[in-house]
S.K.: 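One structure follows; several queries about it will come next.
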Amino acid sequence: MPRVGRLAYCEAVRIATWNVNSIRSRIERVAAWLERSDIDVLAIQETKTRVDQFPFFRFEDLGYEVAHHGFDQWNGVAIASRVGMADVRAGFDGAPTWREATEPEARHVAATCGGIRVNCVYVPNGRHLTDPHMDYKIAWLDALRVAAEGWITDGPSMIMGDWNIAPRDEDVWSMEFYEDKSHVSPRERAAFEAVVASGYADVVRPFLPGPKVYTYWDYQQLRFQKGRGMRIDFLLASPDIASRVTGASIDREERKGKGASDHAPVIVEVADV
DNA sequence: ATGGTCGTTAGACGA
């Protein structure tokens with residue numbers, strides 16, 4: 001059979017999400033990881049940089065196109081892809097602003113990569129149960145749910161990123177520790193499950209069931225070394241994508257050593273895109 | 001020791 005093009009022979013696409021906690025401080029680590037991990041699409045959260053400071057060249061050197069959305073040292077989201085980058089969009093309709101801000105924070109960017117509508121999200125941190133940021137977080141997730149109800153009807157899509165929510169008790173190292181804290185409250189969990197219920201599926205958990213499967217470990221108190229983490233980074237997929245996911249992994253190696261992000265990358269493999 | 005570490009940046013603030 002003659003070769004008719006790359007996609008015709010592409011057995012799988014590898015898609016990942018990673019909260020890098022500053023792309024400028026982490027760029028060499030991210031670049032090295034992309035190279036050796038054979039990643040086709042990476043959704044990045046907490047770039048913590050303006051667009052004019054983003055190290056686009058480093059991704060381009062490796063054959064990736066990048067869409068980045070960021071205003072300043074807070075938040076910031078990006079998508080890097082080597083399987084196409086079309087219809088880039090920053091932010092979704094109905095996203096709330098923090099208090100009276102004139103523009104929503106940089107917490108969502110979308111692009112169509114390899115036939116998949118990739119939505120990269122950085123869900124607000126609620127901080128504490130009674131903090132105004134918690135109401136903002138819930139409002140943001142509710143608006144995301146409304147947007148997702150539209151995306152699910154538009155074709156193959158994914159929503160991936162740092163959700164700042166541990167949906168199940170087994171997703172944290174200690175429920176006793178977290179019972180009065182953010183990330184595990186019924187309100188947050190309901191808001192997460194409502195996005196899932198709009199038609200998406202967590203495509204990682206079936207391959208990596210808990211307990212003790214985490215994607216984030218606080219820098220403080222030797223949490224990583226002690227195995228005290230949280231599962232708060234998720235890849236959700238529409239049914240047509242979910243049924244083609246052949247594997248998933250969390251690269252804990254990337255949480256090790258000096259210069260690591262506090263999150264590990266989460267990877268899924270999608271067959272026959 | 002009532003914190004412990006990181007990131008942004010230059011005194012805090014956020015996670």
Side-chain angles (χ1 to χ4, degrees), chain A residues 17-33 43-55 58 68-78 96-101 103-108 120-141 160-167 171-174 176-185 187-188 191-192 214-234 250-266:
Chain A
T17 187
W18 193 3
N19 179 323
V20 299
N21 186 20
S22 169
I23 192 60
R24 283 180 291 152
S25 71
R26 211 79 60 212
I27 181 58
E28 288 312 318
R29 207 162 161 144
V30 172
W33 181 79
I44 305 169
Q45 301 84 41
E46 282 208 88
T47 58
K48 290 187 166 180
T49 189
R50 300 192 307 260
V51 170
D52 64 280
Q53 297 173 305
F54 191 96
R58 204 65 189 81
H68 174 249
H69 178 45
F71 300 115
D72 48 33
Q73 72 268 48
W74 309 121
N75 315 306
V77 282
T97 63
W98 167 243
R99 295 200 160 157
E100 309 308 318
E103 204 160 356
E105 295 176 318
R107 296 182 175 278
H108 170 260
C120 172
V121 297
Y122 176 46
V123 176
N125 189 317
R127 304 190 183 186
H128 308 289
L129 297 183
T130 57
D131 192 295
H133 287 88
M134 183 58 75
D135 293 329
Y136 170 57
K137 177 180 192 173
I138 299 298
W140 198 92
L141 284 162
M160 64 188 79
D162 175 358
W163 296 75
N164 273 315
I165 295 171
D171 296 334
V172 296
W173 62 273
S174 165
E176 191 176 33
F177 179 81
Y178 282 104
E179 65 177 352
D180 58 347
K181 296 181 177 64
S182 173
H183 291 61
V184 301
S185 70
R187 219 177 150 209
E188 292 165 272
F192 174 80
Y214 307 129
T215 64
Y216 161 87
W217 299 260
D218 197 302
Y219 282 127
Q220 299 185 59
Q221 298 171 291
L222 299 173
R223 286 274 168 71
F224 181 69
Q225 292 83 342
K226 293 178 178 174
R228 297 180 170 180
M230 309 174 85
R231 192 206 293 250
I232 57 175
D233 300 270
F234 297 94
I250 297 166
D251 195 346
R252 293 177 72 261
E253 293 302 308
E254 277 306 313
R255 183 61 182 78
K256 295 179 181 175
K258 200 169 166 57
S261 168
D262 42 3
H263 294 251
V266 187

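In the text below, chain A, chain B and the rest are named by the order of the sequence lines, each starting its count at 1.
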S.K.: Just distance, no hydrogens or angles: give the donor-acceptor pairs under 3.5 Å from side chains in residues 124-131 of chain A, sequence neighbours left out.
M.R.:
| residue | atom | partner | partner atom | Å |
| --- | --- | --- | --- | --- |
| A:N125 | OD1 | A:R127 | N | 2.7 |
| A:R127 | NH2 | A:H133 | NE2 | 3.2 |
| A:D131 | OD1 | A:H133 | N | 2.7 |
| A:D131 | OD1 | A:H133 | ND1 | 2.7 |

S.K.: Determine the interatomic distance between P on B:dG7 and the same-named atom on B:dG3; round to the nearest Å.
M.R.: 22 Å
S.K.: Applying side-chain hydrogen bond (donor to acceptor under 3.5 Å, both in side chains), can you list everything that pairs with A:T97, at least two apart in sequence or on another chain?
M.R.: none
S.K.: Return no unless some side-chain N or O of A:Q73 is found under 4.0 Å from OP1 or OP2 of B:dT8.
M.R.: no
S.K.: Mapping A:Q53 and A:Y216 onto DNA chain B by nearest heavy atom, which one lands closer to the 5' end?
M.R.: A:Q53
S.K.: Output all residues satisfying side-chain hydrogen bond (donor to acceptor under 3.5 Å, both in side chains) with A:Q53, sequence neighbours left out; order by chain, then residue number.
M.R.: A:T49
S.K.: In whole angstrom, give the distance that lies between atom CD of A:Q220 and atom C1' of B:dT5.
M.R.: 5 Å
S.K.: Between B:dA15 atom C1' and A:E46 atom CD, what is the distance in whole Å?
M.R.: 6 Å
S.K.: Taking CD in A:Q225 as the centre, count heavy atoms belonging to other residues, nucleotides or ligands within less than 6.0 Å. Is the count above 12?
M.R.: yes
S.K.: How is A:F224 classified with respect to the nucleic acid when contacts are heavy atoms under 4.0 Å: base, sugar-phosphate, or nothing?
M.R.: nothing
S.K.: Tell me, please, which residues at least two apart from A:T215 pass side-chain hydrogen bond (donor to acceptor under 3.5 Å, both in side chains).
M.R.: A:D233
S.K.: From CH2 of A:W163 over to P of B:dA15, roughly how many Å is that when rounded to an integer?
M.R.: 18 Å
S.K.: Could you measure between the two C1' atoms, the one in B:dA1 and the one in B:dA10, and give it in whole Å?
M.R.: 27 Å
S.K.: Tell me: NZ of A:K137 to P of B:dA15, nearest whole Å?
M.R.: 10 Å
S.K.: Starting at atom CZ of A:R228, determine the distance to atom C1' of B:dT5, rounded to an integer number of angstrom.
M.R.: 16 Å
S.K.: Polar-atom pairs under 3.5 Å, protein N or O versus N or O of nucleotides 12-14 of chain B: list them with distances, or write none.
M.R.:
| residue | atom | partner | partner atom | Å |
| --- | --- | --- | --- | --- |
| B:dG14 | O5' | A:R127 | NH2 | 3.3 |

S.K.: For A:F192 together with A:W163, are the ring centres under 6.0 Å from each other?
M.R.: yes
S.K.: Could you tell me which residues satisfy side-chain hydrogen bond (donor to acceptor under 3.5 Å, both in side chains) with A:R107, sequence neighbours excluded, listed by chain and number?
M.R.: A:N75, A:E105
S.K.: Rounded off to whole Å, could you give me the NZ-to-P distance for the A:K258 and B:dC6 pair?
M.R.: 7 Å
S.K.: Think A:R26 has a side-chain N or O under 4.0 angstrom from the OP1 or OP2 of B:dG7?
M.R.: yes
S.K.: Write down the distance between CZ (A:R50) and C1' (B:dT8), rounded to a whole number of angstrom.
M.R.: 12 Å
S.K.: Starting at CG of A:N19 and ending at P of B:dG7, how long is that distance when rounded to a whole Å?
M.R.: 12 Å
